[in-house]
Amino acid sequence: GRSTNKKMGRGKKTNKMYITMKEWTEQFGGKKEGESRNAFRPLPYYCCALTLQPFDTPVCSPDGAVYDILNIMPYIKKHKIDPISGKPISASDLIHLHFYKNNSGEYHCPITYKIFNDFTHIVAVKTSGNVYSMEAIEELNIRAKNWTDLLSNEPFTRKDIINLQDPQHL
């Protein structure tokens, strides 16, 4: 004879083949409350805005969208607009960018030597194409009222400062 246990399964750990929503979020890294599924993440500053791949020969539009020249030139020839802003653009509007790398191959500000990251306010000077941290431009150009490029000594104005990455205003 079989004895039937009336308490079977109550209060004991069972070998169930599923997990509850609570178990999923608390133990297995499921979606947390208030977490957006497709949270906006800006494109890294060292990537082409057209291909989303790291650039080799960076240029930027007057609005600060960064492209690899090999990708943006055919696009401009065909469509005659900036793919990010939608504004009319020609090849002569593009600014050739001069990023500086340290010995480890990391992009950095050529003045402060601070390595660029997702939280660095990065700017280019339109007249020279040199890329700096806004911190350097703020201190040594704007506050000092010195309107010459920190590396090339080319004159520029406040309007010539192009934001490439501004973490405060995404």
Side-chain angles (χ1 to χ4, degrees), residues 29 31-32 34-170:
K31 184 178 180 309
K32 304 282 185 279
E35 192 179 274
S36 173
R37 190 153 163 246
N38 49 359
F40 170 77
R41 269 190 241 98
L43 185 68
Y45 67 89
Y46 52 84
C47 288
C48 170
L50 199 56
T51 63
L52 314 181
Q53 298 301 310
F55 52 64
D56 288 320
T57 311
V59 293
C60 77
S61 68
D63 292 337
V66 177
Y67 304 101
D68 192 303
I69 196 162
L70 297 174
N71 302 317
I72 193 63
M73 289 306 286
Y75 187 94
I76 290 175
K77 279 190 181 116
K78 185 176 179 184
H79 303 285
K80 296 177 180 30
I81 61 163
D82 180 335
I84 299 299
S85 71
K87 295 177 186 170
I89 193 171
S90 68
S92 61
D93 296 325
L94 295 174
I95 297 118
H96 289 266
L97 297 176
H98 307 290
F99 275 88
Y100 295 86
K101 285 185 176 181
N102 63 16
N103 294 339
S104 308
E106 298 164 305
Y107 291 111
H108 69 93
C109 175
I111 302 303
T112 65
Y113 293 99
K114 287 186 181 168
I115 295 166
F116 292 155
N117 62 37
D118 293 345
F119 308 104
T120 311
H121 186 170
I122 304 170
V123 296
V125 174
K126 187 177 183 177
T127 53
S128 68
N130 286 327
V131 177
Y132 302 102
S133 64
M134 185 60 182
E135 181 186 13
I137 297 291
E138 189 80 48
E139 284 295 313
L140 301 169
N141 292 117
I142 298 170
R143 287 200 190 120
K145 293 180 176 43
N146 162 32
W147 295 101
T148 57
D149 187 282
L150 298 170
L151 292 177
S152 69
N153 290 322
E154 289 174 69
F156 71 95
T157 66
R158 190 183 278 270
K159 286 191 191 110
D160 292 324
I161 301 171
I162 302 170
N163 279 317
L164 301 182
Q165 174 178 274
D166 185 354
Q168 301 304 312
H169 304 95
L170 290 174

Novice: Before accepting this row, confirm whether a basic side-chain N of the pair Glu106/Lys101 lies closer than 4.0 Å to the acidic partner's carboxylate O.
Specialist: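 Looking at Glu106 and Lys101, the cut-off is not met.
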Novice: Measure the spacing between CG of Leu164 and CD1 of Ile122 and express it to the nearest 0.5 Å.
Specialist: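 Interatomic distance, Leu164 CG to Ile122 CD1, rounded to 0.5 Å: 7.0 Å.
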Novice: Which distance, rounded to the nearest 0.5 Å, do you find between the CD of Glu139 and the CE of Met134?
Specialist: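 Atom-to-atom, Glu139:CD and Met134:CE are 10.5 Å apart.
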Novice: Taking it one step at a time, do Leu52 and Leu43 satisfy side-chain contact (heavy atoms from CB on, under 4.5 Å)?
Specialist: CA-CA 7 Å; Leu52 314 181; Leu43 185 68; 3.8 Å; yes
Novice: If I compare all heavy atoms of His121 with all of Pro167, which pair ends up nearest, and what's the gap?
Specialist: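 So the two residues come closest at CA-CD, 3.7 Å.
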Novice: Would you say OH of Tyr46 has more than 12 non-hydrogen atoms from neighbouring residues, nucleotides or ligands within 6.0 angstrom?
Specialist: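 Atom OH in Tyr46 is not crowded, with 12 or fewer foreign heavy atoms closer than 6.0 Å.
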Novice: Report the distance from atom CG of Asp63 to atom CG of Asp93, rounding to the nearest 0.5 Å.
Specialist: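 Going from CG on Asp63 over to CG on Asp93, the span is 10.0 Å.
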Novice: Test Ile161 against Phe156 for side-chain contact (heavy atoms from CB on, under 4.5 Å), laying out the working first.
Specialist: CA-CA 8 Å; Ile161 301 171; Phe156 71 95; 3.9 Å; yes
Novice: Check the pair Val59 / Ile95 against side-chain contact (heavy atoms from CB on, under 4.5 Å), numbers first and verdict last.
Specialist: CA-CA 5 Å; Val59 293; Ile95 297 118; over 6 Å; no
Novice: Of the non-hydrogen atoms in Leu150 and Tyr132, which two are nearest, and what is the gap between them?
Specialist: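 That would be N-OH, 3.5 Å.
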Novice: Tell me whether the rings of Phe99 and Phe116 are parallel (<30°), tilted (30 to 60°) or perpendicular (>60°).
Specialist: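 Rings of Phe99 and Phe116: perpendicular, as their planes differ by over 60°.
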Novice: Keeping Lys145 on the side-chain end and Ile142 on the backbone end, is there a donor-acceptor pair under 3.5 Å?
Specialist: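 Checked: no pair found.
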Novice: Is the shortest side-chain heavy-atom distance between Ile89 and Pro62 below 4.5 Å?
Specialist: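 When only atoms from C-beta onward are counted, Pro62 and Ile89 do touch, with a gap below 4.5 Å.
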Novice: Report yes if some heavy atom in the side chain of Tyr67 is under 4.5 Å from a heavy atom in the side chain of Cys48; otherwise report no.
Specialist: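 Yes, their side chains come closer than 4.5 Å.
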Novice: Using only atom types and a distance under 3.5 Å, with no angle test, would you say the side chain of Asn130 pairs donor to acceptor with the backbone of Val125?
Specialist: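 Answer holds: no.
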Novice: Mind checking the CD-OG spacing from Glu154 to Ser128? Nearest 0.5 Å is all I need.
Specialist: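 Output value for this atom pair is 5.5 Å.
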Novice: Write down the atom of Thr112, the atom of Ala136, and the distance for their closest heavy-atom approach.
Specialist: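 What the structure gives for the nearest pair is CG2-CB, 3.9 Å.
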Novice: For the backbone of Ser104 and the side chain of Asn102, can you confirm whether one donor and one acceptor N or O come within less than 3.5 Å of each other?
Specialist: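 Yes; at least one donor-acceptor contact below 3.5 Å.
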Novice: Assess whether side-chain hydrogen bond (donor to acceptor under 3.5 Å, both in side chains) is satisfied between Asp82 and Ser61, documenting all intermediate values.
Specialist: CA-CA 7 Å; Asp82 180 335; Ser61 68; 3.1 Å; yes
Novice: Indicate the atoms forming the closest heavy-atom contact of Tyr75 with Leu50, along with that distance.
Specialist: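 Where Tyr75 meets Leu50 most closely, the heavy atoms are CB-CD2, 3.9 Å.
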Novice: Quick check against the 3.5 Å criterion: does Thr120 have a side-chain atom that pairs as donor or acceptor with the backbone of Asn117?
Specialist: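 Flag set: sc Thr120 to bb Asn117 pair under 3.5 Å.
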Novice: Between Asn163 and Gln165, is there a donor-acceptor pair closer than 3.5 Å when you use the side chain of the first and the backbone of the second?
Specialist: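 Checking the backbone N and O of Gln165 against the side chain of Asn163, no donor-acceptor pair under 3.5 Å is found.
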Novice: Might you point out which heavy atoms bring Tyr100 and Val131 nearest each other, and give the distance in Å?
Specialist: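 Here Tyr100 and Val131 meet closest at CD1-O, 4.2 Å.
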Novice: Identify, with sequence neighbours excluded, every residue that meets side-chain contact (heavy atoms from CB on, under 4.5 Å) alongside Thr57.
Specialist: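 With sequence neighbours excluded, Thr57 shows a side-chain contact (heavy atoms from CB on, under 4.5 Å) to Asp68, Ile69, given in chain and number order.
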Novice: Within the structure provided, determine whether Leu140 and Ile111 are in side-chain contact (heavy-atom separation under 4.5 Å).
Specialist: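 The answer is yes; the side chains approach within 4.5 Å.
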Novice: Over 60° means perpendicular and under 30° means parallel, so tell me whether His108 and Tyr113 are parallel, tilted or perpendicular.
Specialist: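 It falls in the parallel class, under 30°.
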Novice: Of all heavy-atom pairs between Ile76 and Leu94, which one has the smallest distance, and what is that distance?
Specialist: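 That would be CD1-CD1, 3.8 Å.
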Novice: Distance from Gln53 atom CD to Asp56 atom CG, nearest 0.5 Å?
Specialist: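 Those atoms lie 10.5 Å apart.
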Novice: Please check if the side chain of Asn141 supplies one atom and the backbone of Thr148 the other of a donor-acceptor pair under 3.5 Å.
Specialist: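 It does hold such a pair.
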Novice: Tell me, with the steps shown, if Val66 and Leu97 meet side-chain contact (heavy atoms from CB on, under 4.5 Å).
Specialist: CA-CA 9 Å; Val66 177; Leu97 297 176; 4.1 Å; yes
